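Notes follow the structure.
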Amino acid sequence: MPEGPSLIYISLKLKPFSGKKVTGCGGYTPMATGWIKGEKLLEVCTWGKHLLLRFKKGTVRIHLMLFGSVLINEKKKVNASFFLQFGKDEVNFYVVKAIQLTQPLKDIYDWRTDIMSRKWSSKHIIRLAGEHITEIIGDTLLDQQVFTGVGNIIRNEVLFRTAVHPLSRVGNIPVVKLLELLKDIRVYAKLFLKEKKAGIFGDHFEVHEQKICPRDGNELTIKIIGKTKRKAYFCNSCQEKF
DNA sequence: GTGAATGTTAACAG
DNA sequence: CCTGTTAACATTCA
């Protein structure tokens, strides 16, 4: 469920609860939850794949990992790792990691790298990319400190869309090309969110989980690459290796 | 029944 | 001590 756009989608669904008072909370999370009861949910925001629920006494940082899900006024058979009640309404978080943050969010998070943020700055990321010149772009794209919110789907799709080979060294990619890649992450992420809203996300990836390159009809390469050990789908012939 | 999947981090080995 | 590898977590779907 979780890449940047999915988190925005979830946060939009939770926004109506901001300003509302928590009447009950709990779950099997090891995080203490007593401090939340009776508090007003001040704000719902995100940083990449982090869902942030702000309260006066701290923020609950929720991460969905691979299998997490959020249901409003619906329950699964399994226990929720975390839940919040707002009077008659309840929000259930399944298989999530919940942590209490007490520092001001500004001190922890830099939204200039968050692909879903208005504060996103390509200039800043180009600068950061300079510290990763020996790395392969396939790895850097999954580095949450540089491309906050990018996951395996966005990585594979955007590399294909901009015709960049995942094994390209970051330092070898011309800045113009890198800028094109950065821009397309934003474009694709928006499309991702749009499809999520329409309930059709996942219907038509170009390369992710595919077999044939839609551009030249060649067979796609499917390979576990880099330090992240995630599966990359790419076309060896039409994605340029820098 | 098996394996893989939009992910991260703690523990371990060298 | 630093770096890289493995394990662990938990669910759903093909």
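What you are looking at is a predicted structure, and each value in this text was computed from that prediction instead of being measured. Order of the sequence lines sets the chain letters (A, B, ...), proteins ahead of strands, with each chain counted from 1.
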For DNA chain C, what are the stems built from at least three Watson-Crick or G-U pairs in a row, each pair having both distances below 3.5 Å?
B:2-5 with C:11-14, B:7-14 with C:2-9
Protein-to-nucleotide contact annotation, 5' to 3' order, nucleotides 8-14 of chain B [B base; S sugar-phosphate only; - none; under 4.0 Å, heavy atom]
B------
For [N] and [M], measure between their [atom1] atoms and round to the nearest Å.
N       : M       : atom1 : value
dA11(B) : dA10(C) : P     : 15 Å
dG4(C)  : dT6(B)  : P     : 24 Å
dT9(B)  : dC1(C)  : P     : 22 Å

Give a yes or no on whether a salt bridge exists between Lys75(A) and Glu90(A), defined as a side-chain N under 4.0 angstrom from a carboxylate O.
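Salt bridge present between Lys75(A) and Glu90(A).
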Does a donor on one side chain sit under 3.5 Å from an acceptor on the other, for Thr162(A) and Glu180(A)?
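Short answer, no.
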Side chain of Ser81(A), backbone of Lys97(A): donor and acceptor closer than 3.5 Å?
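Here the side-chain-to-backbone pair does not exist.
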With a 3.5 Å distance limit and no angle check, can you tell me whether Asn156(A) reaches the backbone of Asn152(A) through a side-chain donor-acceptor pair?
yes
Give a yes/no on whether any side-chain N or O of Lys76(A) is located under 4.0 angstrom from OP1 or OP2 of dT12(C).
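For Lys76(A), the contact criterion (side-chain N or O under 4.0 Å from OP1 or OP2 of dT12(C)) is met.
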Does dA5(B) have OP1 or OP2 under 4.0 Å away from a side-chain N or O of Lys231(A)?
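Affirmative; the distance criterion is met.
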With a 6.0 Å cut-off (strictly less than), is the heavy-atom count around NZ of Lys177(A), excluding the residue itself, greater than 12?
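For Lys177(A), atom NZ is crowded (more than 12 foreign heavy atoms under 6.0 Å).
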Result for ring pair (Phe, Tyr, Trp, His ring centres under 6.0 Å) between Phe192(A) and one of Tyr9(A), Phe201(A), Phe205(A) points to Phe201(A)
